[in-house]
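Before any comments, here is the structure.
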2 protein chains.
Amino acid sequence: MANMKKSEVLKIIGQNIKRIRLEKGFTQVDLVGKIEARIDTTNISRIEKGRTNATIHTLYKISQALEVPLSEICDVYFSERV
Amino acid sequence: MANMKKSEVLKIIGQNIKRIRLEKGFTQVDLVGKIEARIDTTNISRIEKGRTNATIHTLYKISQALEVPLSEICDVYFSERV
DNA sequence: TTCATATTTGCCATATTTGACAAGTTTAAT
DNA sequence: ATTAAACTTGTCAAATATGGCAAATATGAA
């Protein structure tokens with residue numbers, strides 16, 4: 001729960017996205033194709049890798065493409081117990 | 001559910017933050033005081049008003065100060081049904 | 001109203017995200 | 001090993017988030 005470092009938060013969120021994406025059988029290119037607003041595999045990759053501190057609207061667009069609630073992507077509590 | 005505009009997403013997230021903050025009886029100044037990393041009431045105000053597309057780490061810091069899961073702040077589905 | 005506190009807004013400087021493209025790397029199959 | 005698809009990473013420019021301060025406005029109590 002408590003006080004994760006920035007890098008750790010970003011890494012967990014990236015892992016969430018990647019996990020959900022793979023569960024749904026999407027490639028990064030698939031995602032880009034599904035997102036109405038513009039986004040790039042470059043950016044998706046950086047977010048999945050936890051290298052970028054994405055804005056909430058970018059994460060929202062990704063959640064739309066993944067067909068899950070934004071809050072699912074932002075769930076940092078389960079991963080934390082690993 | 002579907003395809004909210006950026007401004008709408010930001011507004012709902014801001015409302016979530018403000019609602020939770022008031023429920024807990026915190027002022028913006030209280031929040032700033034509780035956040036270890038640096039943040040400003042200026043920024044909190046802008047986020048609560050939906051004027052800024054905050055990064056996920058900023059929202060994480062706010063969620064820590066509010067003592068709620070990040071995912072609660074990022075819940076855009078309930079508000080949507082208003 | 002007056003006063004104090006809280007919030008909002010404008011402005012600035014700095015840092016970083018984002019989109020874009022290209023190049024490099026990984027992965028998996030044959 | 002070769003090939004193709006998927007992913008990563010570097011760099012760039014433009015847009016914007018952030019922190020900071022100050023001023024304006026709002027809120028609420030006395």
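Worth knowing before you read on, the calculation uses all heavy atoms, side chains too, and leaves out hydrogens, waters and symmetry mates. Letters A, B, ... mirror the listed sequences (proteins, then strands); counts begin at 1.
Nucleotides of DNA chain C that come within less than 4.0 Å of any heavy atom of chain A span, from the 5' end to the 3' end, C:dT17 to C:dC21. Bracketed by its first and final contacts, the part of DNA chain D lying under 4.0 Å from non-hydrogen atoms of chain A reaches from D:dA6 to D:dT11 in 5' to 3' order.
No side-chain heavy atom of A:I73 sits under 4.5 Å from any side-chain heavy atom of B:I56. Between B:V32 and B:D40 the shortest side-chain heavy-atom distance does not fall below 4.5 Å.
For the pair A:Y60 (side chain) and B:M4 (backbone), a donor-acceptor distance under 3.5 Å is present.
Separating the OG atom in A:S63 from the CD1 atom in A:I35 is a distance of 9.0 Å, to the nearest 0.5 Å.
In terms of position along DNA chain C, the nucleotide closest to B:T41 lies nearer the 5' end than the nucleotide closest to the other residue of the pair B:T41 and B:T55. DNA chain D is contacted by both B:T42 and B:N53; B:N53 maps to the nucleotide lying nearer its 5′ end (nearest heavy atom per residue).
Results of the side chain to side chain donor-acceptor pair (under 3.5 Å) test with B:E48 over B:K18, B:Q28, B:Q15, B:K11 single out B:Q28 as the only residue that passes.
Among the heavy atoms of the strands, none lies under 4.0 Å from A:I44. Using a 4.0 Å heavy-atom cutoff across all strands shown, B:R51 reaches sugar-phosphate atoms only and no base atom. Nucleic acid contact class of B:T27 (heavy atoms, under 4.0 Å, all strands): sugar-phosphate only. Using a 4.0 Å heavy-atom cutoff across all strands shown, A:S45 reaches at least one base atom of the nucleic acid.
Of the N and O atoms on the side chains of A:N53 and B:T55, at least one donor lies less than 3.5 Å from an acceptor on the other residue.
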